[in-house]
2 protein chains.
Amino acid sequence: MSELKKQQNFRMTRQRGIILEELRRINTHPSADEIYEQVRKQQPRISLGTVYRNLEILSELGEIQKLETGSSIKRFDGNPVNHYHIRCICCDRVVDAPVEPLINTSKDIHEATNYKIIGHRFEFIGVCPECSDDAVAPGLEKVKYL
Amino acid sequence: MSELKKQQNFRMTRQRGIILEELRRINTHPSADEIYEQVRKQQPRISLGTVYRNLEILSELGEIQKLETGSSIKRFDGNPVNHYHIRCICCDRVVDAPVEPLINTSKDIHEATNYKIIGHRFEFIGVCPECSDDAVAPGLEKVKYL
DNA sequence: ATAGATGCAAAAGCTTTGCACAAGG
DNA sequence: CCTTGTGCAAAGCTTTTGCATCTAT
């Protein structure tokens, strides 16, 4: 599969183009379904399956990032440069975190564990300003992070 | 729901006890399904639903941790004290990371974003020694972390 | 006695996939 | 042309939930 992918010739279809454009235009880190709804405005017959397939391919190509947050749904980021995020525990929205990525932690870990370290994920968990305003922030009481 | 939970009286049923015991005994960060298989050896008629319900309750009580990794399945940790993990991209197994948790990052973030920061998650992504041995590590080629 | 827990099965939510047809290069 | 991509629908996987029954306390 590795080799296959690498010798594959990717085509820029209308669907793929719109998805990439859309992700580049916004910075809301949408889910596949949110992207689907958005793209449908220009390409009404696009299918969810196509959206998923293209998001997968675009992130393999390094054009976008698949954000594997602690949430049960994956989100996508049109900015391919590594950076950290803050996720709202109430509404699940994700924004960029204003901190520089850490470096050089991986080497120590490798020496201690013998794992090959490919990278790391750092995610702040919080409550966004909108959700903080709500009298009761649903889900808040369940949180057990540090 | 918040209040309800707090006034609730939790009972130590046989099922709940076995699940907690099992998690305390091991340090393999099992999934709900792996716990189910294990507990079934002592309590053959336990249902997966019961396992899920108990894992939820035990983590709300702070007895265990629900690990919301970037993987599509959640894992559980019998150690309730906050610490970081390394996840193998190939086999999805999780081990403890030999690093101290960071502190004091949250305040800056709050000031910059107005998010209430509850905590953070830090997860190393890597390839475990066992998977490194395999000629082809399935899934490796898809990785696009920093 | 009674609030809380269980087992079972169905359903829900997100994602992947098989297949026949369409279209990019 | 012919390989890659699409739309549609079905299936897959993890997790949640409704309900009747059971059981800690």
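Remember, predicted model here, so these are calculated numbers, not experimental data. A, B, ... follow the sequence lines: proteins, then strands. Residue 1 opens every chain.
Comparing atom distances between the Met12(B) side chain and each of dT16(C), dG7(C), dT25(D) picks out dT25(D) as nearest. Among the nucleotides dG4(C), dG7(D), dG7(C), the one closest to any side-chain atom of Gln15(B) is dG7(C). Of all nucleotides listed (dT15(C), dT6(D), dT6(C)), dT6(C) comes nearest to the side chain of Asn54(B). Listed candidates were dA5(C), dT15(C), dG25(C). Nearest to the side chain of Phe10(B) is dA5(C).
Taken to the nearest 0.5 Å, the CZ atom of Phe76(A) stands 8.5 Å off from the OG atom of Ser31(A). How far CZ of Arg121(A) is from NE2 of His85(A): 11.0 Å, rounded to the nearest 0.5 Å.
For the pair Tyr36(A) OH and dC14(C) P, the computed distance is 14 Å after rounding to whole Å. Taking atom CD of Glu56(A) as the reference point, atom C1' of dT4(D) lies 16 Å away to the nearest angstrom. We find that CG of Leu55(B) is positioned 13 Å from C1' of dT16(D), with the value rounded to whole Å. Rounded to whole angstrom, the span from the NZ atom of Lys74(B) across to the C1' atom of dC13(D) amounts to 13 Å. A straight line from CD1 of Ile57(B) to P of dT17(D) spans 13 Å, rounded to a whole angstrom. The CD-C1' distance, from Glu37(B) to dT14(D), rounds to 14 Å in whole Å. Between Tyr52(A) atom OH and dT6(D) atom P the separation is 16 Å, expressed in whole Å. The separation between Ile18(A) atom CD1 and dG24(C) atom C1' is 15 Å, rounded to whole Å.
Both Pro44(B) and Arg16(B) lie close to DNA chain C; mapped to their nearest nucleotides by heavy-atom distance, the more 5′-ward contact belongs to Arg16(B). Mapping Thr13(B) and Thr50(B) onto DNA chain D by nearest heavy atom places Thr50(B) closer to the 5' end of the strand. Along DNA chain D, the nucleotide nearest Arg14(B) and the nucleotide nearest Ser72(B) are compared for position; the residue whose nucleotide lies closer to the 5' end is Ser72(B).
Open room surrounds CD on Glu100(A); 12 or fewer heavy atoms of other groups in view lie less than 6.0 Å from it.
Of the possible polar contacts, none joining the Glu123(B) side chain to the Phe122(A) backbone as a donor-acceptor pair under 3.5 Å is found.
Residue Arg53(A) is in base contact, counting any heavy-atom pair closer than 4.0 Å across all strands shown. Using a 4.0 Å heavy-atom criterion, one finds that Leu48(B) contacts the bases of the nucleic acid, with or without backbone contacts as well. Arg11(A) comes within 4.0 angstrom of a nucleotide base, judged by non-hydrogen atoms across all strands. Counting non-hydrogen atoms under 4.0 angstrom, Asp33(B) reaches nothing in the nucleic acid.
Between His120(A) and Tyr84(A), the ring centre distance stays below 6.0 Å.
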